[in-house]
Amino acid sequence: MRIRLTDLAERLGVPLHGDGSIEITGVAGIREAQPGELTFLGHPKYEVFLASTRASAIIMTGLPPGRTVPILESPHPYLTFLQALKLFAEDRLGIVPGIHPTAVVSASATLGDGVSIGPHVVVGDQSHLGDRVVLMAGAFVGGDVSVGAESLVYPNAVIREGTRIGQRVIIHSGAVIGDDGFGFTRDGETIRKIPQIGNVEIGDDVEIGANSTIDRATTGTTRIGRGTRIDNLVMVAHNVEIGENSILCAQVGISGSAKVGRDVTLAGQVGLVGHIDVGDRVRVGAQGGVTKSIPADTEVSGYPALPHGQARRIYASMRHLPDMIRLVRELARRLDALEAKRGEGGEQG
Amino acid sequence: MRIRLTDLAERLGVPLHGDGSIEITGVAGIREAQPGELTFLGHPKYEVFLASTRASAIIMTGLPPGRTVPILESPHPYLTFLQALKLFAEDRLGIVPGIHPTAVVSASATLGDGVSIGPHVVVGDQSHLGDRVVLMAGAFVGGDVSVGAESLVYPNAVIREGTRIGQRVIIHSGAVIGDDGFGFTRDGETIRKIPQIGNVEIGDDVEIGANSTIDRATTGTTRIGRGTRIDNLVMVAHNVEIGENSILCAQVGISGSAKVGRDVTLAGQVGLVGHIDVGDRVRVGAQGGVTKSIPADTEVSGYPALPHGQARRIYASMRHLPDMIRLVRELARRLDALEAKRGEGGEQG
Amino acid sequence: MRIRLTDLAERLGVPLHGDGSIEITGVAGIREAQPGELTFLGHPKYEVFLASTRASAIIMTGLPPGRTVPILESPHPYLTFLQALKLFAEDRLGIVPGIHPTAVVSASATLGDGVSIGPHVVVGDQSHLGDRVVLMAGAFVGGDVSVGAESLVYPNAVIREGTRIGQRVIIHSGAVIGDDGFGFTRDGETIRKIPQIGNVEIGDDVEIGANSTIDRATTGTTRIGRGTRIDNLVMVAHNVEIGENSILCAQVGISGSAKVGRDVTLAGQVGLVGHIDVGDRVRVGAQGGVTKSIPADTEVSGYPALPHGQARRIYASMRHLPDMIRLVRELARRLDALEAKRGEGGEQG
């Protein structure tokens, strides 16, 4: 992408001081930036680099004395920089508004303004895409799905029938939203599937990682709260409810009907059994196995997960275990001997 | 879906008592059901709700005294209810018999009656689809594949060449069946791939979860027994054999050439090393790490997996470990002191 | 595939002794081979089967006395056999050179000789495919991607914009290369995404398993070294660097910015925390949780991962823990008693 600085300032919504005719081709840190790139000054300790940076424009609060390059003035330079990064990243996706001729969009689907539907996409009956929704190549959207404005679905992601997706949601490639929950009932020798007729609801500003799976509810709804971020290869089972602004790292697994609060952090490969309640702001350490409910504001780790301090002491103690067992056996022998002597002494006495 | 009760009774194969002209639009529990919905009475304790339910029809055994709504009579009301659920769930998939014009089906493929092949599906040379097989959008079926009657393949699933799939099998989105096993041989400095020329066979009534992967055998066949249910993000490696009616929960990993019996349950995130034998009806607790063969009818858990009772005692004991280590050190000091005194005593004696 | 032995010898680059007109239809071990199949003699202990094998041709070093079937002479019979296996395995993929009419290939993409682009494939702007690259059905290649010669991308894999892929790389179905890293910054109550503008580079001869995900770097590059083999459902986070010829088994997870050396083996379900350094030739046992850097040539296992011998002793000791705790409590009681008596004895003395 090449964009004139005037236009970039306008898209970022910040005032420009200086020559707006130069073209910006990328963004980078203040020390790494090359001519043609935009950078930012986010912390006073980087002010020393103002003189030496090769950047063609700087986002900062206020204006530097004796400046030589154009300034984009922002009260939050880092956030404005993130916005600029986003523009350049999205540009590289090559998104073109409109419906690609190879896409198959139901006549009963309704589309907002400026949607982009890529090659080989499918959109089912009665589904609705909000304004500026992007469905990249090979994405599948089943019937009766709603996708909120400015959401972005990457190639080959699958959104099954009945799913509700908020605004500005990002769904990465290969993610599957709304596949059947894993529900069965034994009928003598055979196992019968319990049809899963609920759905999935995903709040605004959620991100779902590549190849993650969010199962539809048996009945009712599996819910992902607004602002929650889910990494790759995560499993969220049927009827799970996750609060707002929680973070689920890669390969986490949450079993059916578990409730997870808001601002929770589950580190990589954590597993939760079903039907438990994990309170707000809980943190679970990597590979932790959570086997029962956890009150709010608790940090746990290990298998089975225990309060983090306790778990640390236990795992540290384990290193001493082989020596300790040897010592205990030795103590037992010495105590035997002492008791025997004492017995002899007693008999002698 | 709107279906007249007469037609619904016929599709469910049960006798109808009452007005067959009403239209049913959904199914629900006896307390939740709304007008237009079908419910069921599966247990006498719910009989109290017969009078108050708002459902428009009820599946039950026998007829209630003074009934006001039509009854579908069934010796197994819950199973009939599951059938009805299945009808409504499948209806929401929007499956249309026939071959979508964007699908690419080999001229040498053979198709049974009533198959449904969705947009952008590919079916390879010499493959066979049984009657009423459904391949949803973007599904890939390689060459020389056989898919049994009434199997359902969800969007963007991949079935590689040579795979054999039974009847009524369900394969969820993003699942990959028959990808290469992970086999290499070291040749001095370099690693060489061992081409994987075996295949995968999947029995009748199996379900494979979203984004799970079932590797083809190096030579021979990776087998999933009839009725086995596999959840999402599960890995089954090359040459594994799994018996009938086993249940593999999400994110389970089974290494190469392991044999898993029938009616086995592997809870979430369980891992099995390769070349072991897990007997019939074995149960492995969540996150368990199975490092050797397990006899039939055993329940194990933990890492490394041990009989469940033993594992529980060990994990319960671990909580006492830090205190225990302090106590042992104290005992050692006290014993030292006692022995020293005893020594003094001996010298004095 | 049916191939005349003369032609097969030529493709394998080895001399043929005997009748080149026979047709070969498959490959198998010396005891299993049927008429029409090619086998090999890789070790003298199998020489006894030379007389009885039903194979129609044999790959071996030198010529047997009194041979009756044609011989393909090779200094490395097993490697030549692997090559033959590869030919037959690839043949079953049904790869056809050329661009399928349903594929959507950017006019600005550049294609080498003999590429094969399957149905519903997408290739983005400015991307380059080397000679004989194969993109199977439904594969997505974003803009500004480079794929080296003879690389093979299986159905429905996704390669996002900016990725660099070496020669002879194999990417299995559902794998996602170059999806966004998982990077956020807290801004008061809300979590903001840090756009991920780096890329992924994959060396020659790498294999990436089905449904694995390799995240693009935040800035800079996530790197997979030449010859490294990655199994299914593996997660490699942003800015990770992996050396050459390493092996990552299924469901491994590597957190952001971790560095993994060459010839490393990570067994199934291993997890690595971020920002650590795992040295060359390190081996981590299945389900191991690596929480800090590991020097080269070390074998570790368990959670938290410890040197393998130590971990084994600890896990073996754990089995004695419940008994040990009982014993320690008994010892404490006996010591109390002994001290009490000693006290009495002292008073008596």
Side-chain angles (χ1 to χ4, degrees), chain B residues 102 104 120 122 124-125 138 140 142-144 156 158 160-162 174 176 179-180 182 184-185 187 189-197 211-213 215 219 233 235 237 251 253 255 269 271 273 287 289 291 303-304 306 310 313-314 316-318 320-321 324 327-328 331 334-335 338 341-342, chain C residues 26-29 32 76 78-79 82 85-86 88-90 92-94 100 102 118-120 136-138 154-156 170 172-174 205 207 209-211 227 229 231-233 245 247 249-251 267-269 286-287 302-303 315 318-319 321-322 324-325 328-329 331-332 335 338-339 342 345:
Chain B
T102 61
V104 175
H120 313 124
V122 171
D125 294 343
F140 173 87
D144 188 28
N156 291 1
V158 170
R160 288 260 312 265
E161 71 280 5
V176 180
D179 60 294
D180 288 2
F182 195 60
F184 304 96
T185 180
D187 170 29
E189 281 289 286
T190 65
I191 303 175
R192 286 184 194 277
K193 178 179 176 72
I194 299 176
Q196 307 285 306
I197 60 165
N211 287 341
S212 287
T213 63
D215 284 5
T219 63
L233 294 167
M235 163 62 173
Q251 296 175 321
S255 303
Q269 297 184 335
V273 302
Q287 292 193 331
T291 57
Y303 173 83
L306 294 171
Q310 185 185 1
R313 283 191 297 276
I314 289 171
S317 300
M318 277 172 58
H320 302 294
L321 189 55
M324 204 48 53
L327 176 56
V328 169
L331 293 182
R334 286 164 56 190
L335 200 53
L338 217 51
K341 282 187 187 170
R342 174 83 203 173
Chain C
V27 282
E32 297 79 24
H76 306 294
Y78 182 53
L79 297 184
L82 288 183
L85 271 175
K86 185 164 180 277
F88 279 90
E90 286 184 0
R92 295 170 65 195
L93 292 177
H100 194 276
T102 61
H120 312 123
M136 289 186 69
Y154 278 99
N156 291 0
I170 298 171
H172 284 281
S173 289
D205 300 301
E207 183 161 355
N211 286 340
R229 314 295 168 133
D231 201 354
N232 299 349
L233 294 166
N245 289 328
I247 289 178
C249 295
Q251 297 175 321
Q269 298 184 334
Q287 292 193 330
Y303 172 83
Y315 285 104
M318 278 173 56
R319 303 187 187 199
L321 189 55
M324 204 49 52
I325 285 177
V328 169
R329 286 176 178 149
L331 293 183
L335 199 54
L338 216 52
E339 286 172 339
R342 173 84 204 175

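Each chain gets a letter, A, B and so on, in the order the sequences are listed, and its residues count up from 1. Bear in mind the structure is a predicted one, so any value in this text is a computation, not a measurement.
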Using a 3.5 Å distance criterion without hydrogens, assess whether the side chain of C:Arg229 forms a donor-acceptor pair with backbone atoms of B:Ile191. yes

Looking at side-chain heavy atoms only, is the closest gap between C:His120 and B:Val104 below 4.5 Å? yes

Hey, does C:Tyr315 have a side-chain heavy atom less than 4.5 Å from the side chain of B:Ile314? no

Among residues at least two apart in sequence or on other chains, which ones pass salt bridge (charged side-chain N to carboxylate O under 4.0 Å, His left out) with C:Asp231? none

If we define contacts as heavy-atom pairs under 4.5 Å, which of C:Leu321, C:Asn232, C:Asn156 has the most with chain B? C:Asn232

Report yes if some heavy atom in the side chain of B:Arg160 is under 4.5 Å from a heavy atom in the side chain of C:His172; otherwise report no. yes

Which answer fits B:Leu338, side chain, backbone, both or neither, if we ask what part of it has an atom under 4.5 Å from a heavy atom of chain C? side chain

Using 0.5 Å steps for rounding, measure from the CD1 atom of C:Ile325 to the NE2 atom of B:His320. 6.0 Å

Min side-chain heavy-atom separation C:Ile247-B:Phe182 under 4.5 Å: yes

Is it the side chain or the backbone of B:Glu189 that comes within 4.5 Å of chain C heavy atoms, both, or neither? both

Which bit of C:His76 comes within less than 4.5 Å of chain B, counting heavy atoms only: side chain, backbone, both or neither? neither

For B:Arg192, side chain to side chain contact (heavy atoms under 4.5 Å, CB included) partners two or more places apart: B:Thr185, B:Asp187, B:Thr190, C:Leu79, C:Leu82

Looking only at atom types and distance, does a side-chain atom of C:Arg92 sit under 3.5 Å from a main-chain N or O of B:Asp144, one as donor and one as acceptor? no

Side-chain donor/acceptor of C:Gln251 to backbone N/O of B:Leu233, under 3.5 Å: yes

Is the side chain of C:Asn211 donor-acceptor paired with the backbone N or O of B:Gly174 at a distance under 3.5 Å, no angle test? yes

Heavy-atom distances under 4.5 Å only: say whether C:Tyr303 touches chain B with side chain, backbone, both or neither. neither

Side chains of B:Asp180 and C:Glu207: does their closest heavy-atom pair fall under 4.5 Å? yes

Check whether any side-chain heavy atom of C:Arg329 lies under 4.5 Å from a side-chain heavy atom of B:Met324, and answer yes or no. yes

For the interface with chain C, which of B:Asp125, B:Thr219, B:Ile194 has the highest count of heavy-atom pairs at distances below 4.5 Å? B:Ile194

